[in-house]
2 protein chains.
Amino acid sequence: MEKDEILEMFNGDCSGRIFWVSTCGDLPHLAPVCFVKNMDGKVVVAYNFIVKTTRLVEETGKASIGFAERGKSGFYGYLVKGRAWMDYDGEYFREIRKFVEEKTGGKRSPRGALVIEPEEIYSLSPGNERKKLF
Amino acid sequence: MEKDEILEMFNGDCSGRIFWVSTCGDLPHLAPVCFVKNMDGKVVVAYNFIVKTTRLVEETGKASIGFAERGKSGFYGYLVKGRAWMDYDGEYFREIRKFVEEKTGGKRSPRGALVIEPEEIYSLSPGNERKKLF
């Protein structure tokens with residue numbers, strides 16, 4: 001699968017797929033998220049409740065995001081890792097805020113956007129083959 | 001919910017719940033797993049295909065594991081963080097190997113056990129309330 005096709009799967013409006021964001025502190029941290037948009041080659045996550053993730057992104061400048069689900073022939077999934085930062089007033093933030101407000105009828109309005117710039121992409125399908133794709 | 005009740009949810013035989021293991025390297029790492037057993041107050045994960053997770057556990061001695069799913073009143077989930085190590089010949093390994101071999105009719109036999117000793121437990125339910133439970 002091409003890189004663009006994989007990144008295209010990093011889109012979600014909380015009606016289906018759950019994504020997981022991993023960040024590093026004293027101990028590894030994990031948070032489930034569901035408002036996710038692939039914008040401009042980046043994976044953008046709405047910051048609604050991910051307080052600790054946000055703090056660790058600001059401290060380390062790094063994050064990973066993945067999903068996995070049952071397909072027709074077993075589990076499959078993908079993981080994107082890279083440089084990450086918070087956007088509180090730029091274009092990523094404005095676009096994800098508009099997206100979440102539309103999808104929730106204004107019930108939720110994100111406080112910021114977590115932006116991940118893909119540096120490494122892995123397959124999360126079980127098996128012994130090479131997992132690092134890009 | 002009591003600590004024991006939460007840890008009891010860290011049991012899975014790949015028929016349902018997917019769990020996510022987070023470890024830290026140059027970039028945060030994530031892996032989905034499904035053969036999980038709560039043993040002796042520890043969360044034990046079968047090492048079938050999680051090569052990179054295993055290496056990072058050996059390097060850092062730390063891991064986190066979480067799950068989240070849709071409940072009757074929205075998403076809920078839990079995250080356990082703590083000291084972690086690999087067991088290749090001890091009791092944790094023997095028990096998880098037996099469990100996986102039984103559940104898969106011998107089709108899979110784990111190479112080891114990832115053992116996580118809970119130090120911190122978080123709720124992963126969305127909301128602004130305190131997430132750290134223990």
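Predicted, not measured: the structure shown is a model, and the values here were computed from it. A note on names: the letters A, B, ... follow the listed sequences, proteins ahead of strands, and every chain is numbered from 1.
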Review point. In terms of heavy-atom pairs under 4.5 Å, which option from B:Pro32, B:Ala63, B:Gly127 contacts chain A the most?
Key: B:Gly127
Practice item. Heavy atoms only, distances under 4.5 angstrom: which of B:Cys14, B:Ser22, B:Gly25, B:Cys34 has the most pairs with chain A? Name it, please. Key: B:Ser22
Is there a path of hydrophobic side-chain contacts, each under 4.5 Å between heavy atoms of I, L, V, M, F, W or Y residues, that connects [X] with [Y]?
{"X": "A:Phe19", "Y": "A:Val43", "value": "yes"}
{"X": "A:Ile116", "Y": "A:Phe93", "value": "no"}
{"X": "A:Tyr78", "Y": "A:Val45", "value": "yes"}
{"X": "B:Met39", "Y": "B:Ile121", "value": "no"}
{"X": "A:Val36", "Y": "A:Leu114", "value": "yes"}

Quick check on [X] against chain A: is it the side chain, the backbone, both or neither that has a heavy atom closer than 4.5 Å?
{"X": "B:Phe75", "result": "side chain"}
{"X": "B:Ala68", "result": "both"}
{"X": "B:Leu124", "result": "both"}

Check your understanding: Do you know which two heavy atoms are closest between B:Asp26 and A:Lys62, and how far apart they sit?
Key -> O-NZ, 2.8 Å
Point to revise | Which atom of A:Phe67 lies closest to which atom of B:Trp20, heavy atoms considered | key: C-CH2, 3.4 Å
Around atom [atom1] of [X], are there more than 12 heavy atoms of other residues, nucleotides or ligands at under 6.0 Å?
{"X": "A:Glu91", "atom1": "CD", "answer": "no"}
{"X": "B:Glu58", "atom1": "CD", "answer": "yes"}
{"X": "B:Lys103", "atom1": "NZ", "answer": "no"}
{"X": "A:Glu2", "atom1": "CD", "answer": "no"}

Considering only heavy atoms from C-beta outward, does the side chain of [X] approach that of [Y] to under 4.5 Å?
{"X": "B:His29", "Y": "A:Leu79", "value": "yes"}
{"X": "A:Lys132", "Y": "B:Lys52", "value": "no"}
{"X": "A:Leu30", "Y": "B:Leu30", "value": "yes"}

Exercise for review: Report the option among A:Gly82, A:Gly77, A:Ala31 that has the most heavy-atom pairs separated by less than 4.5 Å from atoms of chain B.
Suggested key: A:Gly82
Review point. Taking atom CD1 of B:Ile18 and atom CZ of A:Arg70, what is their separation to the nearest 0.5 Å?
Key: 6.0 Å
Practice item. Report the distance from atom OG1 of A:Thr60 to atom CG of B:Leu27, rounding to the nearest 0.5 Å. Key: 9.0 Å
Exercise for review: Ignoring hydrogens and angles, tell me if any N or O in the side chain of B:Ser64 forms a donor-acceptor pair with the backbone of A:Pro28 under 3.5 Å.
Suggested key: yes
Check your understanding: Considering only heavy atoms, which portion of A:Pro126 lies under 4.5 Å from any heavy atom of chain B: side chain, backbone, both, or neither?
Key -> both
